[in-house]
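Down below is the structure, laid out as structure tokens.
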Amino acid sequence: QVQPVESGGGLVQAGGSLRLACAASGRTFSSYSMGWFRQAPGKEREFVSVIHRNGGTTYYADSVKGRFTISRENAKNTVYLQMNSLKPEDTAVYYCAASPQLGTPTRIYMYNYWGQGTQVTVSS
């Protein structure tokens, strides 16, 4: 069991960068694929990115591909989301989640543990 806690959100101008971090408690962090999701006001939560438990495989939503980079440090029980070239449409609450599924799961129901979220606001 892990409990993710996100940090690093904030207000940034369009074109800027932010780095989100997700620290997960528990001794089995390396057994979970870790994903990032986001939810904008009035919209459903959507998949952003996922990294395999061993860190060797990643997958991104088309909307962030080439701009966002996910990484993890299993020794620190932490996963990161580097967000570059931010756009106003990236504004959302960003959630970190842990999945016991093999591979790189992208569906919300595949994730057992969720953080509380961190707000990212991109101004135009």
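FYI, side chains are in, hydrogens and waters are out, and symmetry mates aren't considered; it's all heavy atoms of this structure.
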Applying side-chain contact (heavy atoms from CB on, under 4.5 Å), run through S99 and M110 and close with a yes or a no. CA-CA 6 Å; S99 171; M110 295 178 175; 4.2 Å; yes
Measure the shortest side-chain to side-chain distance between [X] and [Y] over non-hydrogen atoms and say whether it is less than 4.5 angstrom.
X: T28; Y: V2; answer: yes
X: T118; Y: S7; answer: no
X: S71; Y: V79; answer: no
X: F29; Y: N74; answer: yes
X: M83; Y: S17; answer: no
X: S123; Y: Q13; answer: yes
X: V48; Y: L81; answer: yes
X: R45; Y: V93; answer: no

Should Y60 and I70 be marked as a side-chain contact (heavy atoms from CB on, under 4.5 Å) after you check the CA-CA gap, both sets of side-chain angles, and the distance that decides it? CA-CA 9 Å; Y60 299 90; I70 191 171; 3.5 Å; yes
Would you confirm whether R67, through its side chain, and S85, through its main-chain N or O, come within 3.5 Å as a donor-acceptor pair? yes
Is a side-chain donor or acceptor of T91 paired with a backbone partner of T121 at a separation under 3.5 angstrom? no
Please say whether more than 12 non-hydrogen atoms of neighbouring residues, nucleotides or ligands are located less than 6.0 Å from [atom1] in [X].
X: Q116; atom1: CD; result: no
X: K65; atom1: NZ; result: yes
X: Y113; atom1: OH; result: yes

Please tell me whether Y95 and F37 form a close aromatic pair, meaning their ring centres lie under 6.0 Å apart. no
Of all heavy-atom pairs between [X] and [Y], which one has the smallest distance, and what is that distance?
X: H52; Y: G103; answer: CD2-O, 3.3 Å
X: P88; Y: S124; answer: CG-CB, 3.9 Å
X: R72; Y: Y32; answer: NH1-O, 2.9 Å
X: S25; Y: N77; answer: C-ND2, 4.4 Å
X: L102; Y: P105; answer: O-CD, 4.2 Å
X: T58; Y: I51; answer: CG2-CG1, 3.7 Å

Quick check for you: to the nearest 0.5 Å, what is the distance between M34 atom CE and S49 atom OG? 11.5 Å
Which distance, rounded to the nearest 0.5 Å, do you find between the SG of C96 and the CH2 of W36? 5.0 Å
Are W114 and L20 grouped together when hydrophobic residues (ILVMFWY) are joined by side-chain heavy atoms under 4.5 angstrom apart? no
Would you sort out whether V120 and D90 count as a side-chain contact (heavy atoms from CB on, under 4.5 Å), showing the intermediate values? CA-CA 8 Å; V120 171; D90 293 318; 5.5 Å; no
Of the options E46, E89, E44, E6, which is the one that meets R38 in a salt bridge (Lys or Arg N to Asp or Glu O under 4.0 Å)? E46
What class does the angle between the rings of F68 and Y94 fall in, given that below 30° is parallel, 30 to 60° is tilted and above 60° is perpendicular? tilted
Before you tell me yes or no, could you show the steps for Y59 and F47 under side-chain contact (heavy atoms from CB on, under 4.5 Å), namely the whole-Å CA-CA distance, both residues' side-chain angles and the distance that decides it to 0.1 Å? CA-CA 10 Å; Y59 187 72; F47 167 78; 3.7 Å; yes
Do R19's NZ or CZ and the ring of Y80 fall within the cation-pi criteria of under 6.0 Å and 45°? yes
